[in-house]
Q: 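First the structure, which I've put down as structure tokens, then a few questions once you've had a look.
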There are 2 protein chains.
Amino acid sequence: MGRGDHTEQAILEAAEAEFLEKGFALAKTTEIARAAGVTHAMLHYYFRTKEKLFERIFREKVRLLAESLAATFDSGRPFMEQVAALAGAHFDFVAANPCLPMFILREIHLNKERREVYLPLLVAPLQATISEVGKQLEAAARRGEIRSLRTSDLMFSIASLNVMTFVGLPIAKEAFGMDDEDVRQFVAQRRAENIEVVLSRLRK
Amino acid sequence: MGRGDHTEQAILEAAEAEFLEKGFALAKTTEIARAAGVTHAMLHYYFRTKEKLFERIFREKVRLLAESLAATFDSGRPFMEQVAALAGAHFDFVAANPCLPMFILREIHLNKERREVYLPLLVAPLQATISEVGKQLEAAARRGEIRSLRTSDLMFSIASLNVMTFVGLPIAKEAFGMDDEDVRQFVAQRRAENIEVVLSRLRK
DNA sequence: TCGTTGTTTAACCGTATTGTTAGTTTTGAC
DNA sequence: GTCAAAACTAACAATACGGTTAAACAACGA
């Protein structure tokens, strides 16, 4: 079955690229097959439908996202340091998967039925991190270490700044007239800047 | 020509809704015609192609965005106040056009050729505001009123926080378990929070 | 009333896309 | 080597979509 495994893997890899770039609705199974170097009937032979193939890719990507966040928040250090580490880790994850945010936003926005299926898949693995951050935030506020803030606002600001760094990059490139080297520098600076923005908000 | 004007207007309104919701590639001319209550041949009679109809909608939306930003920045007041006003005005615009950011991001991300055509259309009207903010920012920094900051970082943070408030709303709703009333409150709080985040970054 | 012009309809064309199927080749256990 | 199961191919089916066209219809001034 070595031959079959190779074909399946080739389809999966081509599907990931195609789905991430274009989203479910715009991805073509024929193009996935072409990129994988197989007949498009093979795609149906191994995965039955486009939907099932998509779901496999989506679940894997969401699992990756959740894993990358779960590990970073440990309660031994000062709260400000923990927040900086969390924001940095999230930035690094998005930097390593720059197509993923737009991919997820697109799928979530498309239609209600799809949202109801895939949104819980995305959010469930994040709940543990959210509630842990919430606890630490309240404790730090009680100790007077930080300016008080809603957990939802803190988390949302971190995610917004980091995600937009990559989702909005083409616009920033045009708006600020950046060449490729400028872009590289801009992204690197954004990592520090996003963290600094969040920490500034927390300082008394 | 009264009859024709009405048909044209009905198509334009249906097209705006369809394009904003689904983007160019996923919008169906047949669906636009159905929603407008006319034969889909009428769409081609008035606008020739899907592309031309789309461009009309896109240009109008971009014009709207640029207008809403150009007016808010006047140099008479303290810099911090000006920034707060700009961020607030941008937030209000996005709140009044909640589908627009996702629409623009989708189109910009889709393919290179399209990006090259539509991105300058979007960015050109913003240049005046960007350079004016840049001048005021440098002046305020020289006067020691604020912590120094790159113009691109300031503008990008404002846009990121405001845009994501609406683009990421479905995810936030699920992640923080909000009902419709919570969502209303969250959005209202986000306006103040986004401004506060930006101002915190500027304070010495 | 006639004819011109602009508007509308229904039918059609070509193409692309997801999915199926019947039949062929390859593989691996015996 | 044989044979059954797995892997694969090529052709087809069904539908949907953007766009065209020819003919019908309405408005309206001469």
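Naming convention: chains lettered A, B, ... in sequence-line order (proteins, then strands); numbering from 1 in each chain.
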Q: Could you check how far OH of B:Tyr45 sits from C1' of D:dC25, rounded to whole Å?
A: 12 Å
Q: Figure out the CG/C1' separation between A:Leu43 and C:dG19, and round it to whole Å.
A: 10 Å
Q: Would you call the rings of A:Phe19 and A:Phe24 parallel, tilted or perpendicular, where under 30° means parallel and over 60° means perpendicular?
A: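 Parallel: the ring planes of A:Phe19 and A:Phe24 meet at under 30°.
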Q: What nitrogen or oxygen pairs link the protein and nucleotides 15-18 of chain C at under 3.5 Å?
A:
| unit_1 | atom_1 | unit_2 | atom_2 | d |
| --- | --- | --- | --- | --- |
| C:dT18 | OP1 | A:Ala27 | O | 3.2 |
| C:dT18 | OP1 | A:Thr29 | N | 3.1 |
| C:dT18 | OP2 | A:Thr29 | N | 3.1 |
| C:dT18 | OP2 | A:Thr29 | OG1 | 2.5 |
| C:dT18 | O5' | A:Thr29 | OG1 | 3.4 |

Q: May I have the distance from A:Met42 (atom CE) to C:dG19 (atom C1'), rounded to whole angstrom?
A: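 It is 13 Å, rounded to the nearest whole Å.
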Q: Find the distance A:Asp5:CG to D:dA6:P and express it as a whole number of Å.
A: 14 Å
Q: Quickly work out the B:Glu18 CD to D:dG18 P distance and round it to whole Å.
A: 9 Å
Q: With a 4.0 Å cutoff (strictly under), does any side-chain N or O of B:Thr39 reach OP1 or OP2 of C:dT8?
A: no
Q: Indicate whether the side chain of B:Ser152 and that of A:Arg190 have a donor and an acceptor atom separated by less than 3.5 Å.
A: no
Q: Would you please say whether a donor-acceptor pair under 3.5 Å links the side chains of A:Glu132 and A:Gln136?
A: yes
Q: Rounding to an integer number of Å, can you tell me how far B:Glu51 CD sits from D:dG18 P?
A: 12 Å
Q: Report the distance from atom CE of A:Met102 to atom CG of A:Leu20, rounding to the nearest 0.5 Å.
A: 12.0 Å
Q: Rounded off to whole Å, could you give me the CD1-to-C1' distance for the B:Ile32 and D:dG19 pair?
A: 14 Å
Q: Measure from CZ on B:Phe47 to P on D:dG18 and round the result to the nearest Å.
A: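 B:Phe47 atom CZ is separated from D:dG18 atom P by 15 Å.
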Q: Taking only residues at least two apart or on different chains, which pairs with a member in residues 41-51 of chain A satisfy salt bridge (Lys or Arg N to Asp or Glu O under 4.0 Å)?
A: A:Glu51-A:Arg114
Q: Salt bridge between B:Glu60 and B:Arg56, side-chain N to carboxylate O under 4.0 Å?
A: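 Looking at B:Glu60 and B:Arg56, the cut-off is not met.
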